Amino acid sequence: TNQPGVDLVINGLPVLRTGDEPQAQVQVIPGTYDVSVYKGGYFALPQRVTVGANAEEALRFDLIEARAQIAVNSDPVGARVKVAGVEVGATPLIIPYAAGRFEVTVEAEGYRTVSEFLVAEPDSTVDLVVGLEPALGWVFVGASPDAEVRVDGVFVGRGEQSLRLMAGRYVVEIREAGQSVLGREIQVFDGSEESLATPGATPPRRP
């Protein structure tokens, strides 16, 4: 680090304080870790590192004077927040940061990502409130009128279906006379369209 007397935190747990030296070494088992450093009046972006067996990884943290704050809230809560491309936590979130102009990104599974540039004045708090919109795609299912259509095991209707689903991964199944006749795992993206049908059946068109 560029400052002595820094607290080192790994995966949210305090590990050590560097004392008068601006550096430290920690032994860990192989894996992926979120590493942060803290010092009163300063702020540094956290970093993620993957350490292999019998390997060493070096991280450098440049602490900057934290004279501003960023407050981020979202609907739904629990969305991931990135500042300048680095993940810093989940909403609702208040973090110290340097004054200036920077990009804040808010993202959550199944929702459209929002990115905005904010300007933080010295000794102030800049607020960002985001209402995340669902990322939706279509799945068109062609099946006989009496066939059951299930999504992740849940019955959604009989016969052909036009399903509008949030972005994510789903298992779509067609059952006839209680037996599964077709099943497929489908990845839905924002604005995507996917089709599946049993032999002789035609998927419907987009409404």
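What you are looking at is a predicted structure, and each value in this text was computed from that prediction instead of being measured.
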Would you name the heavy atoms of [X] and [Y] that are closest together and state the gap between them?
X: Ser74; Y: Ala79; answer: OG-CB, 3.6 Å
X: Ala71; Y: Ile94; answer: CB-CG1, 4.0 Å
X: Phe155; Y: Arg150; answer: N-NH1, 3.7 Å
X: Leu132; Y: Tyr111; answer: O-CD2, 3.6 Å
X: Ser162; Y: Phe140; answer: OG-CD2, 3.7 Å

Short N-O contact, Asp190 and Arg112, less than 4.0 angstrom: yes
Test: Glu87 and Lys82 ion pair at under 4.0 Å: no
Donor-acceptor contact below 3.5 Å, side chain [X] vs main chain [Y]:
X: Arg184; Y: Ser195; answer: yes
X: Thr198; Y: Ala201; answer: no
X: Asn11; Y: Asp34; answer: yes
X: Thr91; Y: Val77; answer: no

Given side chains that start at C-beta, do those of [X] and [Y] come closer than 4.5 Å, heavy atoms only?
X: Val6; Y: Tyr38; value: no
X: Val119; Y: Val126; value: no
X: Leu93; Y: Val88; value: yes
X: Ser192; Y: Trp138; value: no
X: Ile64; Y: Asp62; value: no
X: Val172; Y: Val141; value: yes
X: Tyr42; Y: Asn2; value: no
X: Leu63; Y: Thr1; value: yes

Phe43 reachable from Ile10 in the ILVMFWY side-chain graph, under 4.5 Å edges: no
Partner of Pro4 by side-chain contact (heavy atoms from CB on, under 4.5 Å), out of Lys39, Gln23, Glu21, Arg17: Lys39
Working for side chain to side chain contact (heavy atoms under 4.5 Å, CB included), residues Glu56 and Gln25: CA-CA 10 Å; Glu56 293 184 359; Gln25 185 174 7; 4.2 Å; yes
Residues Val81, Val104; criterion side chain to side chain contact (heavy atoms under 4.5 Å, CB included); working and verdict: CA-CA 7 Å; Val81 179; Val104 177; 4.0 Å; yes
Lys/Arg cation over aromatic Phe117: Arg101, 6.0 Å, 45° cone: yes
Test side-chain hydrogen bond (donor to acceptor under 3.5 Å, both in side chains) applied to Ser144 and Glu176, step by step: CA-CA 8 Å; Ser144 63; Glu176 294 181 356; 3.3 Å; yes
